[in-house]
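Quick notes on the structure that follows.
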Amino acid sequence: MQESAMKAWWESSHMAGANAAYIEELYEAYLEDPQSVPSTWQQVFESLPKVDGVELDSNHTLIRDQYRKMAALGPIARAAGSTPQQVGVAGDEKQVKVLQLINAFRFRGHQHANLDPLGLWRQERVRDLELSHHNLTEKDFDTQFNLGSYAIGKDKMSLGELYKSLNRTYCGSIGAEYMHITDTEQKRWLQQRIESVEAKPAITREEKIKILKGLIAADGMEKYLGAKFPGAKRFSLEGGDSLIPMLKSLINEAGASGSKEVVVGMAHRGRLNVLVNVLGKNPSVLFDEFAGKHDDSLGAGDVKYHAGFSSDYATPGGNVHLALAFNPSHLEIVNPVVMGSVRARLSRRGSEGAKVLPITIHGDSAIAGQGVVQETFNMSQTRAYAVGGTVRIVINNQVGFTTSKTEDTRSTQYCTDIAKMVQAPILHVNGDDPEAVVFVTKLALDYRNKFKRDVVIDLVCYRRHGHNEADEPNATQPLMYQKVKKHPVPRELYAQQLTAEGSVEQHEIDKLIAEYRAALDHGACVVEEWRPMTEHSVDWTPFLGHDWDVAYDPSLPVEKIKELGARLIDYPAEHKLQSRVNKLYLDRKAMVEGERLVDWGMAENMAYASILSENTDIRITGQDSGRGTFFHRHAVLHNQADGSTYMPLQNLYSEQGNIEIHDSVLSEEAVMAFEYGFATAEPRTLTIWEAQFGDFANGAQVVFDQFLSSGEAKWGRLCGLTVLLPHGYEGQGPEHSSARLERFLQLCADHNWQVCVPSTPAQVYGMIRRQSVRPMRRPLIVMSPKSLLRHPLAVSSLDELAEGTFQNVIGEIDEIPAKKVKRVVLCSGKVYYDLLEKRRENEQTDVAIIRVEQLYPFPSDEMAKVLADYQHVKDWVWCQEEPKNQGAWYCSQHHFNESIPAGQTIKYAGREASASPAVGYIAVHNQQQKALVDEALNTK
Ligand code: AMP
C-alpha cells in the first residue's frame with residue numbers, strides 16, 4: 001500500500017486519533033503473542049491492510065512500522081497505557097475513555113498547572129482535561145477502572161480518586177511537558193518518576209531545612225546588598241529565589257551520582273547571589289568590588305556581574321569542582337562556551353558524560369529570542385559537540401528588560417518551546433513552591449544522566465525590581481508590579497508553610513535568618529559546602545606569564561620528518577580511495593621520497609603529525625574539516641567500497657596524541673563559542689576551528705569581539721584557539737574573497753592575539769607547530785589561502801619543514817642586489833606571488849618584495865633586520881588586494897611607517913575604497929588585480 005493510501009485508510013479508520021496510543025500497545029502485545037489480546041482485536045489486526053508487493057515477515061515488522069508512522073499522525077501520540085487483556089474492543093467504552101483521560105492529562109495537564117506565582121498567566125480552558133469531554137461524569141466517580149500504564153503503583157482506582165490524582169500530578173506546581181518525546185522508554189521513565197509520587201515526593205525535615213536555608217541566603221544576600229549599596233546595580237535574583245536551593249540540590253545530587261566537575265553558564269540576573277551563595281565567593285571580596293576596589297593584575301577587567309569563579313563543593317559523592325564561566329552581556333552566547341569547556345573536561349577525564357555536568361541558566365526572553373540557543377540544541381547530540389546532555393534552567397521572570405507581553409516576545413506558548421526540537425523534556429515549575437523546584441531538579445538531573453540528553457527546567461517566577469535596581473518597573477509593567485509589591489518573598493511563603501505543617505518552629509527560622517546576616521557581616525564564605533580548590537582537572541601554570549616571543553624549539557631531525565611523512569600516507573590496502581584523492585596521496589608519497597616539493601596540504605598534515613608524535617592532542621572542527629573546503633587536506637579518507645573512514649593521523653604510532661577532526665554542524669556562532677570554551681579549558685590540546693570561507697566567520701562576530709580578542713584582558717582567561725579563515729582575492733565575488741582581515745586587526749592590542757598570513761607550506765607548518773610547541777596560549781587568527789593550496793610556487797622542502805621556524809617576516813628571495821633597489825614593496829598573502837611573477841616577467845631588478853607574515857603582534861625587530869640593507873631606498877609601497885578601507889592598510893600603516901627609514905612615508909597600492917569587499921564580475925576583478933600589481937611595481 002502506498003503511503004498516501006495508507007494515510008487515507010488510517011484517517012477513516014476507527015483506530016485514528018485519540019485511540020492511537022492505546023491501540024498501538026494492544027497491537028504490540030498482539031505481535032508478541034496474538035493470544036494475549038481479546039479475539040475481537042485479533043480479528044481486527046488480522047485484517048490490517050498488507051503492504052503492496054511485500055511479504056510480511058512473521059513478526060509483521062513492516063506493517064507495524066507503517067502502523068507506528070500512522071499513529072504519529074494522530075493528534076495524540078502513543079502513551080495511554082492499558083493492559084490489553086482487561087479491555088474489550090467495544091465492551092467497555094468507559095474504560096477506553098478513562099485511559100484517554102489519563103492521556104489527556106499527560107499531554108495537556110501543564111496547561112492547567114499552577115505555575116505563575118503572580119497568577120497573571122491567562123490559561124486557556126482545556127476541554128480534554130474535563131470529564132465531560134470524555135463522556136464521563138461525576139456519577140462514574142465510584143466506579144473502579146483499570147489504570148493502564150498510569151504509574152501510581154495500583155492497577156485500579158475509582159474515577160473520583162483517579163481524577164484527583166491526575167490533577168495533583170499534572171496540574172499542581174509542576175507542569176511536565178514530555179509527551180512530545182517519541183522514545184517510549186524515556187516517556188515511560190518520566191511517567192514513572194512523576195506519577196508514582198504524584199509529582200510531590202515526601203521530603204524529610206532535614207531537606208526542608210536545607211531548602212529554607214537556600215531561600216534565606218537568596219533573600220538575605222539581596223536585602224543586604226540593597227541596604228549596604230542602595231541604588232547600585234546588582235541585577236537582583238529576588239522573585240527567582242528558588243534558584244539557590246535548586247542549584248545547591250543539583251550540585252549535591254550531581255556529586256552523589258558521580259560527577260566530578262560542574263560548569264555553569266549564566267547571565268547577569270542573580271549572578272552575584274549565585275557567586276556568593278553557591279560558589280562560595282567571599283562576600284567581603286564582593287563588597288570591596290561594590291566599593292570600587294579592583295584586581296590590578298587584570299588588564300581591563302570587567303563588571304562584577306560578569307565575573308566567573310572556581311571552587312570546590314562538598315557532596316555525598318565527594319568534592320565536586322565548580323566553574324562559573326565568565327560572561328559578556330550578550331545573552332545566551334555563554335551556553336556553547338560552557339558546552340565546549342565541558343567537552344574538554346570530559347575528554348580529559350576520558351568518560352562519557354556523568355563526570356562533568358553542564359548547567360546553563362537562561363532568561364525567558366533570551367531563550368526564545370536568541371538564535372544561538374537553537375544552535376546549541378542542534379549540536380547537543382552530534383559527534384563533535386555532544387556533552388552527555390545539558391541541564392538548562394530558565395529563570396522565567398516573565399519580563400525581558402521592559403517587554404513582557406507574550407505577543408511581543410515570542411510566537412510560541414512557552415518560552416521553552418525551542419527545546420522541543422530535540423524532544424527535551426520541559427519541566428515548568430512554580431518558583432514559589434521550592435519543594436516542587438527541588439523535585440524537578442533531581443528529576444532533570446537523573447534524566448540527563450540516564451539518557452545523556454538535554455533537559456529544561458522552566459522556573460516560573462517574577463522580578464521584584466526593575467531590570468536593575470535603579471529602574472522603575474511600574475512605568476512599563478504597572479499591573480504586574482502592583483501584584484509584585486503585595487507578593488510575599490519565597491522565603492516568607494515557605495517559612496509559613498513549614499510552620500503551618502509543624503516541620504519547623506518560627507524561632508528556628510528567625511535564628512537561621514540572623515545567622516546568615518551575621519555571616520555576611522563577618523564577610524567570610526557563607527557556603528557550608530565550599531572547599532578549597534583541588535578537584536579541577538588541569539594545571540595552567542606552565543602556560544602562564546609568557547608573551548609571544550618566548551623561546552621554543554620547533555625543529556625536528558629531517559629523518560623524523562621523513563618518517564612522519566611515510567606514516568602519514570600509510571593506510572590499509574583494502575581502503576579504496578577516490579581517484580583524485582588517490583592521486584593526491586601518490587603525490588604526497590613523491591614528496592616524502594624527495595621527488596617533489598611539499599605542498600600546502602601535505603605541510604599542514606605534517607604539522608599535525610609532528611604534534612601528535614609528541615603526545616599532544618589535536619581537535620579540528622569546521623564545516624569541511626575532514627576533506628578541506630578546497631580539497632586539500634584529506635585527513636579523513638573515505639573508502640569508496642563501503643563508505644568507512646580512515647584517518648592516517650590517528651594511526652601514526654601506537655603511542656601518540658589523540659586527534660579528532662569533525663565536520664561541524666552548519667553554524668559559526670555556537671561552534672566558534674564552543675571551541676573557545678574548549679580551548680580556554682584545555683591548554684594542552686591544539687584546538688582549531690576552520691571557516692568554510694573566511695567571511696562566514698562574520699556569523700561568529702560576537703565570539704571574536706566578546707571572548708577571543710578580549711577574554712584575557714577582561715577575565716585573565718588564556719585561550720590558544722587557532723582560527724583558519726580562507727582569504728584571498730580570486731574573483732569569487734563579494735562573499736568569498738575576504739575574511740575581513742581589517743576587523744581582526746582593529747581588535748589587536750595588548751598582544752591579545754596573533755594575526756598571521758602565511759605564504760608557504762613551510763610557513764603553515766611552522767605556524768601550526770609554533771602554536772602547539774610554544775608555551776604561550778593566545779588565539780591565532782590565520783588568513784589561510786585558497787589558490788595558494790595549489791600554486792606551483794607555493795612549495796617547500798623537507799629541510800625547511802625540519803627547521804620548523806615560522807618567519808614573521810620573509811625578505812627578498814630572488815637575486816636582487818639590495819644596493820640596486822629603488823623601491824621596496826611590503827605585502828602579505830597571496831598577492832605576493834602575483835607581484836613576484838610579474839616582476840620576474842618584467843625582469844625588474846630594482847624592486848624588492850618583502851612579506852609580512854605576521855601582522856600582529858607586529859614583528860618590528862625582524863622587520864628592522866630584513867630592511868637593514870634598504871636604508872637608502874626612498875620609495876616604499878604597501879601592496880594589498882583588499883579595498884583601501886579594508887585589509888591591513890588602515891590598521892597596520894603606523895607599523896609600516898615605523899619600520900621604514902626615518903623621513904620616508906609608505907604609499908598605497910591596492911583597490912580603491914569600497915563598500916563591498918570585492919566586485920562580483922571576474923573581468924573587473926582581473927582588471928583591478930592587474931592594476932594594483934602594476935601600480936606596486938611602478939610599471940603603470
Ligand atoms: P576551572 O577548572 O575553569 O575552574 O579553572 C581552575 C583554575 O585554573 C582557575 O581558577 C584558574 O586559576 C585556572 N584557569 C582555568 N582556565 C584558565 C585559562 N583559560 N587561563 C588561565 N588560567 C585558567
Side-chain angles (χ1 to χ4, degrees), residues 247 251 254-255 259-266 271 274-275 278-282 285 295 297-302 306-313 319-328 334-349 351 355-360 387 525 527 529-548 550 619 672-687 703 706-722 750-753 771 774-780:
L247 283 178
I251 296 162
S259 289
K260 287 282 148 220
E261 294 185 67
V262 175
V263 186
V264 186
M266 73 181 294
R271 194 176 175 100
V274 169
L275 276 166
V278 179
L279 285 115
K281 176 167 178 160
N282 209 315
V285 174
D295 180 356
S297 65
L298 285 181
D302 202 349
H306 289 166
F309 200 75
S310 304
S311 61
D312 284 3
Y313 190 99
N319 290 356
V320 170
H321 179 64
L322 302 183
L324 175 67
F326 290 85
N327 191 73
V334 79
N335 305 321
V337 175
V338 166
M339 286 167 70
S341 172
V342 167
R343 175 81 175 218
R345 292 164 205 258
L346 285 172
S347 313
R348 208 150 59 210
R349 291 182 176 273
S351 68
K355 290 242 160 72
V356 190
L357 173 71
I359 302 175
T360 53
V387 288
C525 172
V527 179
E529 300 87 348
W530 178 88
R531 296 290 177 275
M533 209 166 68
T534 57
E535 293 294 325
H536 55 295
S537 48
V538 75
D539 179 12
W540 274 85
T541 36
F543 305 97
L544 301 178
H546 304 302
D547 206 346
W548 64 291
V550 61
R619 173 180 166 88
M672 255 291 291
F674 187 102
E675 301 310 334
Y676 170 82
F678 192 103
T680 42
E682 181 49 79
R684 295 164 304 186
T685 300
L686 174 69
T687 312
V703 189
Q706 263 66 26
F707 292 94
L708 218 55
S709 64
S710 55
E712 186 186 348
K714 292 191 290 189
W715 313 317
R717 282 297 187 263
L718 302 170
C719 173
L721 181 65
T722 298
D750 303 326
H751 289 186
N752 58 339
W753 61 14
Q771 187 69 351
R774 186 172 57 180
M776 185 200 77
R777 291 296 173 261
R778 283 197 177 127
L780 167 62

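We count ligands from 1, going down the list as the structure has it; atoms in each ligand are counted the same way. Note that the numbering runs from 1 along the sequence shown for the chain.
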Subject >> Six-ring centre of F674, R343 cation under 6.0 angstrom, axis tolerance 45° >> reply: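 Verdict for F674: no cation-pi partner in R343.
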Subject >> salt bridge (Lys or Arg N to Asp or Glu O under 4.0 Å) against R778, all qualifying residues, sequence neighbours excluded >> reply: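 So R778 forms a salt bridge (Lys or Arg N to Asp or Glu O under 4.0 Å) with D547, E712.
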**OP:** Classify the ring geometry between W548 and H751 as parallel (under 30°), tilted (30 to 60°) or perpendicular (over 60°).
**Re:**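 Correct class here is perpendicular.
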At less than 3.5 Å, what protein N or O atoms come close to the N or O atoms of ligand 1? Include the distances to 0.1 Å.
| from | atom 1 | to | atom 2 | distance (Å) |
| --- | --- | --- | --- | --- |
| ligand 1 | 2 (O) | H321 | NE2 | 3.0 |
| ligand 1 | 2 (O) | R345 | NH1 | 2.7 |
| ligand 1 | 2 (O) | R345 | NH2 | 3.4 |
| ligand 1 | 3 (O) | R345 | NH2 | 2.9 |
| ligand 1 | 4 (O) | S310 | OG | 2.5 |
| ligand 1 | 4 (O) | H321 | NE2 | 2.6 |
| ligand 1 | 16 (N) | W540 | NE1 | 3.2 |
| ligand 1 | 16 (N) | T680 | O | 3.4 |
| ligand 1 | 19 (N) | T680 | O | 3.0 |
| ligand 1 | 19 (N) | L718 | N | 3.3 |
| ligand 1 | 19 (N) | L718 | O | 2.8 |
| ligand 1 | 20 (N) | L718 | N | 2.9 |

Subject >> Main-chain N/O of S709 paired to N752 side chain as donor or acceptor, under 3.5 Å >> reply: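 Yes: the side chain of N752 pairs with the backbone of S709.
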Original post:
Any sub-3.5 Å donor-acceptor pair from T687's side-chain atoms to T685's backbone N or O?
Top reply: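 Yes, T687 side chain to T685 backbone: donor-acceptor pair under 3.5 Å.
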Original post:
Do you know the tightest heavy-atom contact between L322 and V278?
Top reply: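 Closest approach of L322 to V278: CD1-O, 4.0 Å.
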